[in-house]
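Here the structure comes first, spelled out in structure tokens, and everything after it is commentary.
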Amino acid sequence: MPLTPVRARGILLFVALAAYVTALGNGFAYDDNLVVALNPVVTGGDWGGALLGSYWPAAREGAGLFRPLTLASFVAEWPLWRGNPMGFHAVNVVLHAGVSLLVLALLRRFSTLPGALAGALLFAIHPVHVEAVANVVGRGELLAALSVLGGCLLYLDADTTVPTGRAIRMVGLSLLYLTGLGSKEIAVSLPALLVLLEVYRSGEGPLAPRLRRALPVFLCMAAVLATYLIVRWSVLGTVTGEVAAPALRELTPGERMLTALSVWTQYLRLMVFPWSLSADYGPGVIMVARSLTPQVLAGAAVLAAWLGGAVLLFRRAPVASLGLAWFVIAVLPVSNLVIPSGVILAERTLYLPSVGASLVLAAVIAAAHATAERRRRRWATVLAVAAGIALFGRTVSRIPSWLDSFTVVSTLAREHPESYVALQHRAAGLNRIGESAEAARVLEAAVALVPNHYGLRVELGGLYARLRQEERAQELLREAIARDPGQPTAYRLLAEQLIRLGRADEGHAVALEGLARAGSDRELWSLVSEAYISRGDLEAAVRARQAALGMDPASAHDWGRLAELYRALGRPEDARRAQLRADRSPPGSGDPRGEP
């Protein structure tokens, strides 16, 4: 039966859906909970918060991400599925199938139909895509890829010989660029990818005149990017990106680039032999580099070979050359080579770049069909099918790893116990069963891997405080404050510990410092009140407690504590009113973590 375009699309659609059908049984896992299931913007149908707010709930100014289209899709779907994760996963699977069809369409512009189908099938079943497809928040990758690939096809196929065609291309590309940027920041690479496609188009005449004719398109896209960045800055207070990954903070730009170079061996491995996968590639799995280590040199050699291959194959095998160049351009925004990223490496970020691998495979298959004799072609087909079955099986076996948060973490701990994230969660488990001393030892190992990680230091400091190892607890909390003075948690824990130890003046000073540097915070005001109580200044304690209630008027704990203060001051009527408010507030609201 001959292969036709319709049959090719049917085969691809079937395989793409079959590979991910089991993802429908997954729940909300990992960041799904924060961004979707427990996000009041999503659950409350807050369209304004979705379109003009941070992607991460309660992100600090100057941090966070801006992905309004992705967040709006969750807002739209929440009432449709009534919070059932199956609906969200079904949309992801359908989107992945749609992206796979666009990959096929793009590859057909540069390769034969058998080669294009092989490359698109690779994209549809590649195991590195599981995180993007089987995890709900991977939606951003899917929507961005849909927009970028749609833009590429529109650019290649629009009839620019007539004014209407030029106008359609200009407006359509501007809208697709806007939707891509609104889905995920990686779509910023679309203009560079369009230039790349123009370079590799054959039979279209000299490159310079073609680029001049397309200049209005690129100017419109530049205007779209500028508008997006202005809106992003107004929402987040930044135009670059989220706070860098903890391991990358305090690295010099040179050290960050060395670390980024070391990752290229992982890029190659994940594209060619994606058997070992991980939900985390932070320290322990990939270490930061401060000098020319063997890992850095190996990564630099891979990148050099990658770029050299693109140049050497430009005329001999242009489609393979295009694939190598596509990967480099598409991965650049998340590679840490240009600006710091929130991760050293994440498999989901390779979704759009992996189209480059599909182009390379399409070139190989097309060349094999064109030159190989029938017997060799038959063996090549058998090997390709066997490899495809293996990749399909690895994808299907990987999908349950994203069943829920516990499964993600337990899988990571089993496959990569050296990961600092795995160590952190192991320590949490040990602490829950009363093995606090062992938990502290494990957390110390995690801190050693990521010494700049604020959360790890705070967690370990709080644990040592509970173990009554006061000096080490205070050391860790003061170091956490020094590393990120804009976060309130370390101030809370340190102030609470000092007040409990009878050092009310020091605790008072720490709490006030936290209010000055991290902003008004209910728990810090409550601790200021406790410090005044320790010093015998009950009137000041009342004022501080009232300030805490100004931050959270429904805090049952603070109302109850205020009632006690009024009774101690001989103000029974005020005490009665405060106690009534405490009784009417939600039980347990405002309970302190460890307030004296």
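We count residues from 1, following the sequence as given.
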For Leu565 and Ser529, what are the C-alpha separation, side-chain angles and deciding distance, and is it a side chain to side chain contact (heavy atoms under 4.5 Å, CB included)? CA-CA 10 Å; Leu565 288 170; Ser529 177; 4.1 Å; yes

Mind running side chain to side chain contact (heavy atoms under 4.5 Å, CB included) on Ser54 and Leu236 for me, showing each step along the way? CA-CA 7 Å; Ser54 170; Leu236 302 178; 3.7 Å; yes

Go through the steps for Leu270 and Tyr281 under the test side chain to side chain contact (heavy atoms under 4.5 Å, CB included), then give the verdict. CA-CA 12 Å; Leu270 286 170; Tyr281 286 89; 3.6 Å; yes

Verify salt bridge (Lys or Arg N to Asp or Glu O under 4.0 Å) between Glu513 and Arg517, making sure each step is shown before the conclusion. CA-CA 6 Å; Glu513 181 188 357; Arg517 302 180 76 178; 2.9 Å; yes

For salt bridge (Lys or Arg N to Asp or Glu O under 4.0 Å), just list the numbers for Asp521 and Arg492, CA-CA rounded to whole Å, side-chain angles, deciding distance to a tenth of an Å, and then say yes or no. CA-CA 9 Å; Asp521 177 83; Arg492 295 172 188 162; 2.5 Å; yes

Using salt bridge (Lys or Arg N to Asp or Glu O under 4.0 Å), reason through Arg500 and Glu470 one step at a time and then give a plain yes or no. CA-CA 11 Å; Arg500 176 173 51 79; Glu470 314 291 357; 3.4 Å; yes

Tell me, with the steps shown, if Val128 and Tyr351 meet side chain to side chain contact (heavy atoms under 4.5 Å, CB included). CA-CA 8 Å; Val128 83; Tyr351 190 77; over 6 Å; no

Test log, rule salt bridge (Lys or Arg N to Asp or Glu O under 4.0 Å), inputs Arg441 and Glu435: CA-CA 10 Å; Arg441 187 190 68 78; Glu435 297 287 342; over 6 Å; no

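Heavy atoms only, all atoms of each residue included: Thr349 and Ile186 are closest at O-CD1, 3.7 Å. Scanning all heavy atoms of the two residues, the minimum distance from Leu493 to Gly462 falls at CD1-CA, 4.2 Å. Of all heavy-atom pairs between Ala504 and Arg535, the closest is CB-CG, 4.1 Å. The two residues Lys184 and Ala144 make their nearest non-hydrogen contact at CB-CB, 4.1 Å. The two residues Ala37 and Phe28 come nearest to each other via the heavy atoms CB-CD1, 3.7 Å. Among all heavy-atom pairs drawn from Asp280 and Ser419, the shortest one is OD2-OG, 2.8 Å.
Counting heavy atoms from C-beta outward, Arg139 and Phe74 have side chains that approach closer than 4.5 Å. A 4.5 Å side-chain heavy-atom check between Asp404 and Tyr30 finds every atom pair outside the cut-off. Residues Glu479 and Leu476 meet the side-chain proximity criterion, which asks for heavy atoms closer than 4.5 Å. Looking at heavy atoms from C-beta onward, Arg457 lies in side-chain contact with Pro451 at the 4.5 angstrom threshold. Two residues are said to be in side-chain contact when any heavy atoms from C-beta on lie closer than 4.5 Å; Leu515 and Trp525 meet this criterion. Between Ser189 and Leu352, some side-chain heavy-atom pair lies under the 4.5 Å cut-off. A heavy-atom distance below 4.5 Å is found between the side chains of Trp264 and Leu337. Leu463 has its side chain within reach of Ser436: a pair of non-hydrogen atoms, C-beta onward, lies under 4.5 Å apart.
Checked by atom type and distance alone, the side chain of Trp559 pairs as donor or acceptor with a backbone atom of Pro553 at under 3.5 Å. Thr259 places a side-chain N or O within donor-acceptor distance of the main-chain N or O of Ala289, the cut-off being under 3.5 Å. A donor-acceptor contact shorter than 3.5 Å is absent between the side chain of Ser555 and the backbone of Asp552. Formation of a donor-acceptor pair under 3.5 Å by the Asp537 side chain with backbone atoms of Ala540 is found in this model. Looking at Asp32, its side chain does come within 3.5 Å of a backbone N or O of Val136 through a donor-acceptor pair. Judged purely by atom type and a 3.5 angstrom limit, Tyr491 uses its side chain to pair as donor or acceptor with the backbone of Pro485. With hydrogens and angles ignored, the 3.5 Å screen pairs no side-chain donor or acceptor of Arg256 with any backbone N or O of Leu251. In this structure, the side chain of Asn336 does not engage the main chain of Gly342 through any donor-acceptor pair within 3.5 Å. In this structure, the side chain of His89 does not engage the main chain of Gly25 through any donor-acceptor pair within 3.5 Å. A donor-acceptor contact shorter than 3.5 Å links the side chain of Thr252 to the backbone of Glu255.
Here Ser262 contributes atom OG and Leu292 contributes atom CG; the two are 11.5 Å apart, rounded to the nearest 0.5 Å. Here Arg398 contributes atom CZ and Thr411 contributes atom OG1; the two are 6.5 Å apart, rounded to the nearest 0.5 Å. A distance of 8.5 Å separates CG in Asn135 from CG in Asn92, rounded to the nearest 0.5 Å. With rounding to the nearest 0.5 Å, the separation of CG in Leu456 from CD in Glu444 is 10.5 Å. Rounded to the nearest 0.5 angstrom, Ser183 OG and Leu142 CG are separated by 9.5 Å. Distance check: Phe66 CZ to Leu52 CG gives 6.0 Å after rounding to the nearest 0.5 Å.
Under 4.0 Å is where a charged nitrogen must lie from a carboxylate oxygen, and between Glu539 and Arg545 no such pair does. Remark: Arg561 does not engage Asp558 in a salt bridge, criterion side-chain N to carboxylate O under 4.0 Å.
Every pair passing ring-ring contact (aromatic ring centres under 6.0 Å, His included) that includes a residue from residues 452-490 is listed here, sequence neighbours excluded: Tyr420-His453. Counting only residues at least two apart or on different chains, the salt bridge (Lys or Arg N to Asp or Glu O under 4.0 Å) pairs with a member in residues 340-352 are Glu131-Arg348.
In Glu573, the CD atom is crowded: over 12 heavy atoms of neighbouring residues, nucleotides or ligands sit closer than 6.0 Å. For CE of Met257, the number of neighbouring non-hydrogen atoms (other residues, nucleotides, ligands) closer than 6.0 Å is 12 at most.
Both tests hold for Arg67 against Tyr55: distance to the six-membered ring centre under 6.0 Å, angle to the ring axis within 45°.
Using modelled atom types and a 3.5 Å distance limit, the side chains of Arg269 and Gln266 yield a donor-acceptor pair.
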